[in-house]
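One structure is given here, and the rest of the page talks about it.
Quick note on labels: first sequence line is chain A, next is B, and so on, each numbered from 1.
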2 protein chains.
Amino acid sequence: MRDSSESGPATEASGWQAQKSASTRNVIVESAIACFVELGYAGTTTTVIAKKAGLSRGAMLHHFPSKIDIVRAAVEHLHSKRLKAFRRAMSRPAPPDADRVALGVQAFWDHVRHPMFVAFFELSVAARTDPELAGILKPTQEAFEREWYQTARDVFPEWEGRGEEFDLALDLTRYVMEGMAIAALTHQANERDKRVRAYLAEKLHELRGD
Amino acid sequence: MRDSSESGPATEASGWQAQKSASTRNVIVESAIACFVELGYAGTTTTVIAKKAGLSRGAMLHHFPSKIDIVRAAVEHLHSKRLKAFRRAMSRPAPPDADRVALGVQAFWDHVRHPMFVAFFELSVAARTDPELAGILKPTQEAFEREWYQTARDVFPEWEGRGEEFDLALDLTRYVMEGMAIAALTHQANERDKRVRAYLAEKLHELRGD
DNA sequence: AGTCGGTTTCAATCATCTTTGACTTTTACC
DNA sequence: GGTAAAAGTCAAAGATGATTGAAACCGACT
């Protein structure tokens, strides 16, 4: 991190303490996310988060007065990181003659295989029967959905003007990929899945008008 | 597992008490399944199950000494009912000139929209981070997967000989449908989803060689 | 310079609540 | 009367949030 010797207009977090505090909060939040992945949402207790973060529970509860505050921060953190990674993966520069559809399919597949997707998935499932969590998650989910559509439009501008086919392509991609990723959480991802992804790419080409 | 000393395959209740006992066990198991749907796996406590079943906890624990026993029975119950309903829906008689592919898609869609799918889904997600539950669920999941492939083969015998396309069709169908159903658990199922299903049916026709 | 007061970070303990499974008692049926 | 079903009571374990206590740090003042 940056040191504080700079005498510039440090509007935020100029103090050493504030910086340390921010860092600690970050550790806590990332520990919580790791717990969602490893232990599930239900198995994630404040005790476990604190242990993984290497703090006492009391210290943690100083930064986040209650568990729901940690969850709130984790959702936010997760969202921004996931969105950034997704955008970067989708809009990775490619040679002009590359199969951008296939690359996009691969990028989406990598996205849903990432632990962050698992964490978000755990939260989504828990939110189905937990209204408070649902209230926290809802805006984030909607934002991500909007962003995913926008990113796709940016990456495939030539698709403009074929709104029907474009929407269908996006919906289809999302459902196949998410269904496959979720199934792969329980049993093992196998060779046949690769074929499904190849088929999907083929059909996306058709929908684009190739 | 008090295997009564009686000889013969009289699994059905012979005595009045045994019959009542079986009936109560059934009520308990179905209450547990309803709880999975309404409250999620984590939210399903023995207290809630007993309340929904209209029994005292003590009475319930007489029939199922521990919570895991209820879960075990619920998984079994769920499996057999789900499998039966799926088979019936898939192999429903249709007029000879009907679009059996479209009917199959619809049947599968109805299947994943059924509360039993939600219950099973909750259990699957919980099993990801709960080895004991995973051990209970694994054989059941594998059995259902086998049965789904077998049922599809029975319903579409003309697909025989096109193994590659057939497998692809089944995988694709499953992933699209499950992905769509799971997404519909959080946000609302919309009109565009209908289009995706229609598209899926169209592509299944292609894969069959129509 | 050096010390004092106050604040921030971290640690530990406590009381409360929930869930679970064991145990005991009452009721109903054969 | 004896046996199974149902109900009620109990202690142990775990999780949460609040409170108290200790250590490090910052700014200010003599």
Side-chain angles (χ1 to χ4, degrees), chain A residues 1 3-7 10 12-29 31-32 35-36 39-74 126 129-130 132-133, chain B residues 1-6 10 12-29 31-32 35-36 39-74 126 129-130 132-133:
Chain A
M1 293 276 164
D3 80 310
S4 55
S5 61
E6 217 172 337
S7 61
E12 72 291 285
S14 62
W16 189 75
Q17 285 187 115
Q19 221 165 24
K20 171 153 193 175
S21 176
S23 158
T24 303
R25 286 174 62 98
N26 212 51
V27 170
I28 294 170
V29 165
S31 299
C35 287
F36 294 153
L39 309 168
Y41 183 75
T44 300
T45 67
T46 55
T47 308
V48 179
I49 299 175
K51 188 177 291 180
K52 185 171 275 281
L55 276 86
S56 72
R57 261 190 77 243
M60 192 174 71
L61 261 62
H62 164 75
H63 292 279
F64 297 98
S66 104
K67 187 183 180 177
I68 194 69
D69 294 313
I70 302 177
V71 173
R72 227 186 300 272
T129 52
D130 182 336
E132 186 171 20
L133 180 57
Chain B
M1 46 185 340
R2 62 294 190 43
D3 194 301
S4 50
S5 50
E6 332 224 345
E12 281 306 316
S14 31
W16 217 274
Q17 284 187 124
Q19 206 165 5
K20 173 153 192 173
S21 175
S23 158
T24 303
R25 286 173 62 97
N26 211 51
V27 170
I28 294 170
V29 165
S31 298
C35 286
F36 295 153
L39 309 169
Y41 182 76
T44 299
T45 66
T46 55
T47 309
V48 180
I49 299 175
K51 189 177 290 178
K52 185 169 273 284
L55 274 85
S56 71
R57 262 192 79 245
M60 192 174 73
L61 261 64
H62 166 74
H63 291 279
F64 296 98
S66 105
K67 186 183 180 177
I68 195 69
D69 295 312
I70 303 177
V71 172
R72 227 185 300 271
T129 52
D130 182 336
E132 186 170 20
L133 180 57

Check this one for me: any side-chain N or O of [X] less than 4.0 Å away from OP1 or OP2 of [N]?
X        : N       : value
His63(B) : dA4(D)  : no
His62(A) : dT9(C)  : yes
Ser66(B) : dT20(C) : no
Ser56(A) : dA12(C) : no

**Report entry** Closest listed nucleotide, where the reference is the side chain of Thr45(B) and the choices are dT19(C), dA7(D), dA15(D)
**Finding:**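 Looking only at side-chain atoms, Thr45(B) lies closest to dT19(C).
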Requested in this report: Could you work out which one of dG17(D), dT20(C), dC10(C) sits closest to the side chain of Thr24(A)?
Outcome: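 My answer, after comparing the listed nucleotides, is dC10(C).
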Between [X] and [Y], which heavy-atom pair has the shortest distance, and what is it?
X         : Y        : result
Thr129(B) : Leu39(A) : OG1-O, 3.4 Å
Ile49(A)  : Ser31(A) : O-CB, 3.9 Å
Phe36(A)  : Thr44(A) : CD2-OG1, 3.3 Å

**Report entry** Of Gly58(B) and Lys67(B), the one whose closest DNA chain C nucleotide lies more 5'
**Finding:**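 Per heavy-atom nearest nucleotide, the more 5' residue is Lys67(B).
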Requested in this report: Keeping the roles fixed (side chain from Arg25(A), backbone from His63(A)), state whether a donor-acceptor pair exists under 3.5 Å.
Outcome: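 It does hold such a pair.
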Query - Angle of first-five versus last-five pair axes in the helix from dA1(C)-dT30(D) to dC30(C)-dG1(D), to 10 degrees - result: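 What I find for the helix from dA1(C)-dT30(D) to dC30(C)-dG1(D) is an axis angle of 10°.
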Query raised in the report: After noting the C-alpha distance and the side-chain angles of Val71(B) and Glu132(B), does the key distance pass the side chain to side chain contact (heavy atoms under 4.5 Å, CB included) rule?
Result: CA-CA 11 Å; Val71(B) 172; Glu132(B) 186 170 20; over 6 Å; no
**Report entry** Of Arg57(B), Lys67(B), Lys51(B), the residue whose pairing with Thr46(B) passes side-chain hydrogen bond (donor to acceptor under 3.5 Å, both in side chains)
**Finding:**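 That would be Arg57(B); it is the only one of Arg57(B), Lys67(B), Lys51(B) passing the side-chain hydrogen bond (donor to acceptor under 3.5 Å, both in side chains) with Thr46(B).
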Requested in this report: State the CG-CD1 distance between Asp130(A) and Ile68(A), to the nearest 0.5 angstrom.
Outcome: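 Between Asp130(A) CG and Ile68(A) CD1, I get 6.5 Å after rounding to 0.5 Å.
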Requested in this report: Remember a base hit wins even if backbone is also touched, and classify Leu55(B) as base, sugar-phosphate or nothing at under 4.0 Å, heavy atoms.
Outcome: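 Since only primed, P, OP1 and OP2 atoms lie under 4.0 Å of Leu55(B), the category is sugar-phosphate.
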How close or far is atom [atom2] of [N] from atom [atom1] of [X], stated in whole angstroms?
X        : N       : atom1 : atom2 : value
Arg25(A) : dC10(C) : CZ    : C1'   : 15 Å
Phe64(B) : dT19(C) : CZ    : P     : 20 Å
Lys51(A) : dA11(C) : NZ    : P     : 14 Å
Ile70(A) : dA15(D) : CD1   : P     : 14 Å
Leu61(B) : dA7(D)  : CG    : P     : 13 Å
Ile68(B) : dG21(C) : CD1   : C1'   : 14 Å
Met60(A) : dG17(D) : CE    : P     : 9 Å
Arg57(A) : dT13(C) : CZ    : P     : 13 Å

